[in-house]
Amino acid sequence: MIVAMFPGQGSQVVGMGSALADAFPTARRTFEEADDVLGYALSEVCFAGPAERLTQTDVCQPALVAASTAAFRVAREEAGLAPGLVIGHSLGEYSALVAAGAMGFAEALRIVAERGAAMRAAGAATPGAMAAVIGLGDDDVRDLAVEAGDAWPANFNCPGQVVVSGTAAAIDRLVALAGERGGRATRLEVDGAFHSPLVASAAERLRPALDAWEPVDPDPPFLSTTTAAVEPPARLRGILIAQVTAPVRFGDGVQAALDMGAERFVEVGPGKVLSGLVRRVQRGTAVGQVGEPADIAALAAA
């Protein structure tokens, strides 16, 4: 079974989708649709930046959904990509739901634009920070977060890599503590303490947009990295609300997919971050990427 996986915030890069749009009309039309839905030239920000604008949470989120959807559509048409399962990392769950037909592309763009604006506002109202902790176990990092105070595990990415959110002071304490305990912690360039109680106001602001969405049964099935389980339409709204403040369990999601018979993971969209995490969960797992024109030929051959 092939698993299509979709990246989240942090994978954006100026130029993403540009070569695909030049090479494939389907990708070009996808970006044109995004521009029309959002009412501004999102494609120009993706293709040419500036980086400061692309990294703004309210722009970055629809930009990643557009780039990932363009890549998926091209891979499906040109290389016959037909996954048996879809997953996403945080924001990437929206791209996964679009790929599975559970959420329309235009609807996803509108929802994630609101999500990004809500998260940016929450970050401004309740400032916070995030740090990646390397080299310590999940339970060790949980203990560090408690000891630091006002800090919470935000992303369980793979064995030995956990991201923590919290107040700036708490993250400073956690970075120091991680070094003392034999690990290494690096602060991330983000504008909020995402996946923590500090952004709870964003979840409430997002609720009306998700309440207006009528989920369709995902085909292929959607494995949530919020719950690490395959989820039916009736639960999707609640999961996407909970996702804002709940930790991302990407490593658990990958393991669940492997337990279901996954043999290959294809990262759809910019970057190779998720591919690296998959290999940390289980060495030797076959991975691939779809983000550039050359990837399409490689995928077809694979």
Side-chain angles (χ1 to χ4, degrees), residues 6-14 38 42 45 49-65 68 88-95 108-134 141-142 144-146 148-157 161-175 178 185-210 225-226 239-250 270-271 273-274:
F6 298 84
Q9 197 164 341
S11 290
Q12 72 278 355
V13 60
V14 172
L38 296 172
L42 178 73
V45 182
E52 293 78 10
R53 177 134 171 81
L54 181 60
T55 55
Q56 289 177 0
T57 300
D58 53 334
V59 176
C60 176
Q61 296 197 12
L64 280 166
V65 170
S68 293
H89 190 290
S90 187
L91 167 72
E93 293 203 307
Y94 287 86
S95 302
L109 290 169
R110 287 189 287 265
I111 293 173
V112 299
E114 177 66 5
R115 182 182 186 270
M119 292 174 73
R120 188 178 184 193
T126 310
M130 301 178 75
V133 182
I134 308 297
V141 177
R142 289 187 181 97
L144 285 184
V146 171
D150 295 323
W152 302 266
N155 300 341
F156 294 98
N157 284 329
Q161 185 185 124
V162 181
V163 175
V164 180
S165 286
T167 63
I171 294 301
D172 285 341
R173 290 192 293 270
L174 184 133
V175 169
T186 304
R187 289 178 66 115
L188 304 181
E189 293 296 327
V190 295
D191 53 5
F194 304 139
H195 298 289
S196 84
L198 296 183
V199 293
S201 61
E204 290 309 307
R205 175 172 165 177
L206 180 61
R207 189 180 299 277
L210 284 170
T225 55
T226 301
I239 287 168
L240 292 179
I241 289 292
Q243 181 208 67
V244 176
T245 55
V248 178
R249 297 170 55 196
F250 186 78
V273 172
L274 301 186

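The first residue in the sequence is number 1, and the count goes up from there.
Checked by atom type and distance alone, the side chain of Q243 never pairs as donor or acceptor with a backbone atom of I241 at under 3.5 Å. At least one donor-acceptor pair under 3.5 Å links the side chain of E93 to the backbone N or O of T225. With S165 contributing its side chain and F194 its backbone, the two residues share a donor-acceptor pair below 3.5 Å. Judged by distance alone, with hydrogens and angles left aside, the side-chain atoms of H195 form no donor-acceptor pair with the main-chain N or O of T245 at under 3.5 Å. Judged purely by atom type and a 3.5 angstrom limit, H89 has no side-chain atom pairing as donor or acceptor with the backbone of F6. Although no hydrogens or angles enter the test, the distance criterion places a donor-acceptor pair under 3.5 Å between the side chain of T55 and the main chain of E52.
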- Query: Is there a side chain to side chain contact (heavy atoms under 4.5 Å, CB included) between L240 and T226 once you walk through the steps?
  - Reply: CA-CA 8 Å; L240 292 179; T226 301; over 6 Å; no
- Task: List the steps, then state whether side chain to side chain contact (heavy atoms under 4.5 Å, CB included) holds for V59 with L42.
- Result: CA-CA 8 Å; V59 176; L42 178 73; 4.1 Å; yes
- Task: For side chain to side chain contact (heavy atoms under 4.5 Å, CB included), just list the numbers for R187 and D172, CA-CA rounded to whole Å, side-chain angles, deciding distance to a tenth of an Å, and then say yes or no.
- Result: CA-CA 9 Å; R187 289 178 66 115; D172 285 341; 2.5 Å; yes
- Message: Does L64 form a side chain to side chain contact (heavy atoms under 4.5 Å, CB included) with Y94? I'd like the steps, not just the answer.
- Response: CA-CA 10 Å; L64 280 166; Y94 287 86; over 6 Å; no
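Annotation: salt bridge (charged side-chain N to carboxylate O under 4.0 Å, His left out) contacts involving residues 119-131, sequence neighbours excluded, comprise D58-R120.
Taking both residues in full, the closest heavy atoms of A154 and M130 are given as CB-CE, 4.0 Å, listed atom of the first, atom of the second, then distance. In terms of heavy atoms, I171 sits closest to V164 at CD1-O, 3.7 Å. Residue A178 comes nearest to V133 through the heavy atom pair CB-CG1, 4.3 Å, listed as atom of the first residue, atom of the second, then distance. Nearest heavy-atom pair, A148 versus A170, reported as atom, atom and distance to 0.1 Å: CB-O, 3.6 Å. Minimum heavy-atom separation, P197 to W152: CD-CD2, 3.5 Å. Scanning all heavy atoms of the two residues, the minimum distance from A193 to V199 falls at O-CG1, 3.6 Å.
Of the candidates N155, V141, I134, I134 is the only one forming a side-chain contact (heavy atoms from CB on, under 4.5 Å) with Q161. Here the options are T186, V248, L188, the test is side-chain contact (heavy atoms from CB on, under 4.5 Å), and the partner is V163; only L188 passes.
For the atom pair L210 CG and E114 CD, the distance stands at 9.5 Å (nearest 0.5 Å). Here CZ of F156 is found 4.0 Å from CZ of R142. Values are rounded to the nearest 0.5 Å. Annotation: the span from T167 atom OG1 to R173 atom CZ amounts to 5.5 Å, rounded to 0.5 Å. The structure places SG of C60 at 11.5 Å from CZ of R53, a figure rounded to the nearest 0.5 Å.
Q9 and S90 share no side-chain donor-acceptor pair at under 3.5 Å.
By the side chain to side chain contact (heavy atoms under 4.5 Å, CB included) test, V14 is found to be paired with A51, L54, residues two or more places apart in sequence or in another chain being considered.
Looking at heavy atoms from C-beta onward, V190 lies out of side-chain contact with T57 at the 4.5 angstrom threshold.
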